[in-house]
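The structure appears below as structure tokens.
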Amino acid sequence: MSGTRSFQAPKGTRDFYPPQMAVRRHIEEVWRRASIDCGFEEIDGPTFEHLDLYTVKSGEGIVSELFSFRRAGGEDDYALRPEFTPTLARMAAAKGSSLALPTKWFAIPSHFRAERPQRGRLREFFQWNVDVIGLGEPDGEVEVIEAAVLALERLGLDPHRVQVRLSHRDAVAALLTSLGTPEPSLPAAFELLDRFDRLPPDEFARRGEALGLDADSIARLRASVVAVQPMSEPAGAMAEAMGVTAAQLASIEPLQERLRRSGLLEWCTFDPGIVRGLAYYKGIVFEIHETGGAERAVAGGGRYDGLISLVGGPDLSACGMGMGDVVLSLVLRDRGLLPADEGESLLPRPDAFAVALSDDAAARLPSVLQGLRRAGLHARSSHRASRNLGKLLADANKCRARFAVILDAGVAEGSATVKDLASGEQSDVAIASLADELAARIAAESAR
RNA sequence: GCGACCGUAGCUCAGUUGGUUAGAGCACCGGAUUGUGAUUCCGGACGUCGCGGGUUCGAGUCCCGUCGGUCGCCCCA
């Protein structure tokens, strides 16, 4: 045929065939259940927004990282959403003072970023967003972290495999100030901290000097950043290990106490190297990492008081986090927490697989299937013409059906043979009561 | 935006210094046989060698470009 072309998926996007889709749904279902169980309500917004919504938050520099577009002949600039927080802030702002506080929302939207794909980073991905509006520090943060930890736990992870690494802008600022960082250099110093583990030691020192720190201060800063502490450590001991005064860590203590009451301490680490984007986060910031240190952050979040008023709403406090599906899937795979068959075993299992061994039986097959389906059962049949029972059962087995319904000469008397594919047992059942019989057996099975 | 490596049936790969009509194993489809997820047998579809140029008598093989993939850098909301 002339005029045909072949196509590849665009760079950094994924096709979800049934097994991959089953894995995605598995993760999304855990996210959704954990959110709901923690009292969050689901929202969604548009896949694209006015470009300005993103530049007003992140600056013009963000545009090169976005998929932005203008309708042919139009004059408005739009962008596919690279994150959900601006949409959420806009939605909260639009409700104005009618928004009941606190408001706890979650969403599982797709996001788009015009970046070069690499391990843990794609151009389209799914991200679970959990946000609390109208709760101050540290209550909002702990609500968010609690939901994240619940989901990770349900996915099979534990505090030995993942840790919530927390920091506090005020504590780190106090540390930097005590080391002699001039006030105007603080943002640059945060940036330096953020790059700590990516810079060679001498380069770190050189940049520290440029910020007005002497050699002794740089050494102390390095020591503080390296001194990652379990959140379960008493604040006094933590301060000592970091070489700071207890007063400089004062902003951590309420958080620590609140995490203790929620039983989350063992999941959490204090890590002054956690900085996150400077654009709008303040106060507590955190990332969730697998403890091996091989993968990128599984999740990140913090407090963004001021963003809602920035997009025209009331001055509301807010905090939240985002957890992407890409890194999370890598971590789950690394830890053997996803099926080795890449999702086949997560596909929905048919309750019944009907096969016909004669022309008369084949004529009855559609009505038998319809009866089962109307009763709410997942029923399939083979699409092959063969009357070879061995091959037909192989089909039933391949899609992991629970029961085979064998239609043969017995259909003349209204009877079928039901074979339990797990045990191999089989028995004759009246076709009229097939759906009830199978439903009863499945109910009994799930009750065990 | 920059760099490295990679691209041959659905999958895993083979394919000699460029040389007939590009192969294998799984998987797949149809059928026969044995009425029970199996075995055996017969048959089928299997690929514009990512795509496009170039060099050559001749390109899966060499060169250039491009599109994808993988992994780094930048960035990471």
Side-chain angles (χ1 to χ4, degrees), chain A residues 1-2 4-15 17 19 49 53-66 79-89 111-123 125 127 129 191 194-195 198-199 274-281 285 287 294-302 304 307 320-324 326-327 330 341-342 344 353 355-358 361 382-410 417-426:
Chain A
M1 199 197 301
S2 66
T4 62
R5 288 175 58 190
S6 63
F7 293 93
Q8 294 170 301
K11 185 201 304 269
T13 63
R14 291 169 288 176
D15 293 327
Y17 291 94
E49 293 274 7
L53 181 65
Y54 302 117
T55 55
V56 77
K57 190 205 112 185
S58 305
E60 291 294 331
I62 196 69
V63 175
S64 65
E65 310 286 320
L66 299 176
L80 295 179
R81 61 184 169 206
E83 59 167 327
F84 193 67
T85 310
T87 296
L88 179 136
H111 297 289
F112 308 85
R113 295 180 184 177
E115 300 175 298
R116 198 71 182 271
Q118 54 190 285
R119 187 172 179 84
R121 293 176 70 176
L122 295 174
R123 289 183 154 194
F125 56 95
Q127 185 169 284
N129 290 264
E191 194 176 332
D194 190 32
R195 305 172 61 85
R198 280 172 281 164
L199 288 176
I274 298 297
V275 175
R276 315 264 322 136
L278 293 163
Y280 58 90
Y281 282 130
V285 288
E287 292 180 357
E295 305 289 357
R296 295 167 186 280
V298 172
Y304 51 90
L307 183 61
M321 68 115 206
M323 181 183 296
V326 180
V327 176
L330 288 172
D341 57 21
E342 297 296 325
E344 294 282 350
F353 193 97
V355 303
L357 301 184
S358 68
S382 176
H383 291 96
R384 72 170 89 220
S386 175
R387 297 285 154 76
N388 180 330
L389 183 55
K391 285 201 171 180
L392 295 169
L393 288 176
D395 282 348
N397 194 46
K398 190 174 299 173
C399 64
R400 299 161 44 251
R402 291 183 159 81
F403 295 99
V405 174
I406 303 165
L407 302 175
D408 53 16
T417 302
V418 171
K419 180 182 174 95
D420 183 325
L421 289 166
S423 68
E425 293 165 14
Q426 54 188 69

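In what follows, chains are A, B, ... by sequence order, proteins preceding strands, each numbered from 1.
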Taking atom [atom1] in both [N] and [M], what distance in whole Å separates the two?
{"N": "rU21(B)", "M": "rU8(B)", "atom1": "P", "value": "23 Å"}
{"N": "rC29(B)", "M": "rA9(B)", "atom1": "C1'", "value": "15 Å"}
{"N": "rA32(B)", "M": "rU70(B)", "atom1": "C1'", "value": "47 Å"}
{"N": "rA4(B)", "M": "rA77(B)", "atom1": "P", "value": "28 Å"}
{"N": "rC49(B)", "M": "rG60(B)", "atom1": "C1'", "value": "5 Å"}
{"N": "rC63(B)", "M": "rC26(B)", "atom1": "C1'", "value": "36 Å"}
{"N": "rC74(B)", "M": "rC64(B)", "atom1": "P", "value": "28 Å"}
{"N": "rC13(B)", "M": "rU55(B)", "atom1": "C1'", "value": "30 Å"}

What is the separation between atom [atom1] on [X] and atom [atom2] on [N], rounded to the nearest whole Å?
{"X": "Arg119(A)", "N": "rG3(B)", "atom1": "CZ", "atom2": "P", "result": "24 Å"}
{"X": "Gln118(A)", "N": "rG1(B)", "atom1": "CD", "atom2": "P", "result": "14 Å"}
{"X": "Arg81(A)", "N": "rC76(B)", "atom1": "CZ", "atom2": "P", "result": "22 Å"}
{"X": "Leu80(A)", "N": "rA77(B)", "atom1": "CG", "atom2": "P", "result": "19 Å"}
{"X": "Leu393(A)", "N": "rG37(B)", "atom1": "CG", "atom2": "C1'", "result": "5 Å"}
{"X": "Tyr281(A)", "N": "rA77(B)", "atom1": "OH", "atom2": "P", "result": "7 Å"}
{"X": "Leu392(A)", "N": "rG30(B)", "atom1": "CG", "atom2": "P", "result": "10 Å"}
{"X": "His111(A)", "N": "rC75(B)", "atom1": "NE2", "atom2": "P", "result": "22 Å"}

| query | Do side-chain atoms of Arg119(A) reach the backbone of Glu295(A) as a donor and acceptor pair under 3.5 angstrom? | reply | no
| said: Using only atom types and a distance under 3.5 Å, with no angle test, would you say the side chain of Ser58(A) pairs donor to acceptor with the backbone of Thr55(A)? | reply: no
Which is true for [X] with a 4.0 Å heavy-atom rule: it touches a base, it touches only sugar-phosphate, or it touches nothing?
{"X": "Gly424(A)", "result": "base"}
{"X": "Asp408(A)", "result": "base"}
{"X": "Arg387(A)", "result": "nothing"}
{"X": "Ile62(A)", "result": "base"}
{"X": "Asp194(A)", "result": "nothing"}
{"X": "Gly12(A)", "result": "sugar-phosphate"}

| note | By nearest-nucleotide position on RNA chain B, the 5'-leaning member of Ala114(A) and Ala422(A) is Ala422(A)
| task | Could you check Glu287(A) against Thr13(A) and say which one's nearest nucleotide on RNA chain B is further toward the 5' end? | result | Thr13(A)
Ignoring the backbone of [X], work out which of [options] is nearest its side chain.
{"X": "Arg198(A)", "options": "rA38(B), rG3(B), rC76(B)", "value": "rC76(B)"}
{"X": "Lys391(A)", "options": "rG31(B), rC75(B), rG35(B)", "value": "rG31(B)"}
{"X": "Arg121(A)", "options": "rG37(B), rU34(B), rC76(B)", "value": "rC76(B)"}
{"X": "Arg116(A)", "options": "rC2(B), rA77(B), rA38(B)", "value": "rC2(B)"}

Which heavy atom of [X] sits nearest a heavy atom of [Y], and at what distance?
{"X": "Ala114(A)", "Y": "Leu66(A)", "value": "CB-O, 3.7 Å"}
{"X": "Arg123(A)", "Y": "Lys11(A)", "value": "CD-O, 3.2 Å"}
{"X": "Tyr54(A)", "Y": "Thr87(A)", "value": "OH-OG1, 4.1 Å"}

| said: Side chains of Thr85(A) and Leu307(A), heavy atoms from C-beta outward: is any pair under 4.5 Å? | reply: yes
| field | Minimum side-chain heavy-atom gap Gln426(A)-Leu421(A) below 4.5 Å | value | no
Are [X] and [N] close enough that a side-chain N or O sits under 4.0 Å from OP1 or OP2?
{"X": "Lys11(A)", "N": "rG68(B)", "result": "yes"}
{"X": "Arg276(A)", "N": "rA77(B)", "result": "yes"}
{"X": "Lys398(A)", "N": "rC28(B)", "result": "yes"}
{"X": "Arg195(A)", "N": "rC75(B)", "result": "yes"}

| said: Any carboxylate oxygen within less than 4.0 angstrom of a Lys/Arg side-chain nitrogen, looking at Arg276(A) and Glu287(A)? | reply: yes
| message | salt bridge (Lys or Arg N to Asp or Glu O under 4.0 Å) for Glu83(A) and Arg113(A)? Distances and angles first, verdict last. | response | CA-CA 9 Å; Glu83(A) 59 167 327; Arg113(A) 295 180 184 177; 5.6 Å; no
| Do Asp395(A) and Ser382(A) meet the criterion of a side-chain donor-acceptor pair at a distance under 3.5 Å? | yes
| request: Check if the side chain of Arg113(A) and the base of rC75(B) share a donor-acceptor pair of N or O atoms closer than 3.5 Å. | output: no
| Consecutive-pair stems (at least three Watson-Crick or G-U pairs, under 3.5 Å) that include RNA chain B | B:1-7 with B:67-73, B:10-13 with B:23-26, B:28-32 with B:40-44, B:50-54 with B:62-66
